[in-house]
A.B. asks: 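If you scroll down you'll find the structure; I have some questions about it.
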Amino acid sequence: MTIQRMDNVAVVVDDLGAAIGFYAELGMELEGRAHIEGDFADRAVGLDGIRSEIAMMRTPDGHGRLELTRYLHPEASAPSPAVPPPNTLGLHRVMFAVDDLDDTLARLRPHGAELLREVANYQDEYRLCYLRGPAGIIVALAEQVG
């Protein structure tokens with residue numbers, strides 16, 4: 001038995017509207033929104049009394065999905081430290097291929113995107129960078145140049 005596909009990656013956010021705006025500006029499409037609560041959610045996630053709102057974002061090619069989740073109850077807990085470094089266990093990044101890195105960065109900055117350091121060149125094949133997106137999530141962007 002093997003997996004069929006990777007269905008989605010979930011990211012917990014505190015401002016669902018802002019997160020939708022950020023990822024829409026990146027080029028993702030809002031596939032749908034839903035309120036999630038009930039016994040099935042409690043049992044699946046392992047928390048009691050879950051009430052959450054999710055938004056499913058889809059990549060333009062239709063194959064990748066990012067689930068943005070805002071917990072109404074119980075409230076989401078903040079990581080410690082508040083802005084964990086890229087080498088934190090269990091956290092690394094979500095990476096997207098883009099066609100114009102400079103334009104993408106310019107469009108994301110008004111949505112709160114902050115470069116971790118700078119745009120780097122990898123073997124004259126890719127320009128790439130890490131930035132902080134909604135809820136401090138590290139988003140990597142890569143533009144193929146070679």
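None of these values were measured; they are calculated from a predicted model.
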A.B. asks: Identify whether Ile137 and Met28 are in the same connected component of the hydrophobic contact network (ILVMFWY, side-chain heavy atoms under 4.5 Å).
C.D. replies: yes
A.B. asks: Of the non-hydrogen atoms in Glu125 and Asn121, which two are nearest, and what is the gap between them?
C.D. replies: N-OD1, 4.3 Å
A.B. asks: At their closest point, which heavy atom of Pro60 faces which heavy atom of Gly27, and how far apart are they?
C.D. replies: CG-O, 3.3 Å
A.B. asks: Calculate, to the nearest 0.5 Å, the distance between atoms CD1 and CG belonging to Ile138 and Leu131 respectively.
C.D. replies: 9.0 Å
A.B. asks: Using side chain to side chain contact (heavy atoms under 4.5 Å, CB included), reason through Arg93 and Leu141 one step at a time and then give a plain yes or no.
C.D. replies: CA-CA 10 Å; Arg93 52 123 176 101; Leu141 303 175; over 6 Å; no
A.B. asks: Which atoms form the tightest heavy-atom contact between Tyr71 and Ala76, and what is the distance?
C.D. replies: CB-N, 4.1 Å
A.B. asks: What is the minimum heavy-atom distance between Arg33 and Ala55, and which atoms define it?
C.D. replies: CG-CB, 4.0 Å
A.B. asks: Is it the case that one hydrophobic cluster holds both Val11 and Ile36, taking links as side-chain heavy atoms less than 4.5 Å apart, direct or via other members?
C.D. replies: no
A.B. asks: Let me confirm one number: the NE2-CE distance from His63 to Met6, rounded to the nearest 0.5 Å.
C.D. replies: 12.5 Å
A.B. asks: Between Arg132 and Glu114, is the closest basic N to carboxylate O distance under 4.0 Å?
C.D. replies: no
A.B. asks: Who pairs with Asp103 by side-chain contact (heavy atoms from CB on, under 4.5 Å), at least two apart in sequence or on another chain?
C.D. replies: Asp100, Arg107
A.B. asks: Indicate the atoms forming the closest heavy-atom contact of Pro85 with Pro81, along with that distance.
C.D. replies: CD-CG, 4.3 Å
A.B. asks: Where do Met57 and Ile20 come nearest, in terms of heavy atoms and distance?
C.D. replies: CE-O, 3.8 Å
A.B. asks: Working to the nearest 0.5 Å, report the span between CZ of Arg65 and OG1 of Thr59.
C.D. replies: 7.5 Å
A.B. asks: Nearest 0.5 Å, please: how far is CZ in Arg109 from CD in Glu25?
C.D. replies: 13.0 Å
A.B. asks: Can you measure from CG (Asp42) to CD (Glu37) and round to the nearest 0.5 angstrom?
C.D. replies: 9.5 Å
A.B. asks: Looking at Ile54, Thr69, Leu68, which hits side-chain contact (heavy atoms from CB on, under 4.5 Å) with Leu16?
C.D. replies: Leu68
A.B. asks: Can you list the other members of the hydrophobic cluster that holds Val145, where links are side-chain heavy atoms under 4.5 angstrom apart?
C.D. replies: none
A.B. asks: Is Leu105 reachable from Phe22 through a run of hydrophobic residues whose side-chain heavy atoms are each under 4.5 Å from the next?
C.D. replies: yes
A.B. asks: Please report the C-alpha distance between Arg127 and Asp102 in whole Å, then the side-chain angles of each, then the deciding distance to 0.1 Å, and finally whether the side chain to side chain contact (heavy atoms under 4.5 Å, CB included) criterion is met.
C.D. replies: CA-CA 10 Å; Arg127 295 179 66 228; Asp102 296 321; 3.0 Å; yes
A.B. asks: Are Tyr126 and Met95 connected in the hydrophobic side-chain network, where two residues link if heavy atoms are under 4.5 Å apart?
C.D. replies: no
A.B. asks: Taking atom CD of Glu75 and atom CZ of Arg70, what is their separation to the nearest 0.5 Å?
C.D. replies: 9.5 Å
A.B. asks: Should Leu128 and Val139 be counted in the same cluster of Ile, Leu, Val, Met, Phe, Trp and Tyr side chains packed under 4.5 Å apart?
C.D. replies: no
A.B. asks: According to the interplanar angle, ranging from 0 to 90°, do the rings of Phe96 and Tyr23 count as parallel (below 30°), tilted (30 to 60°) or perpendicular (above 60°)?
C.D. replies: tilted
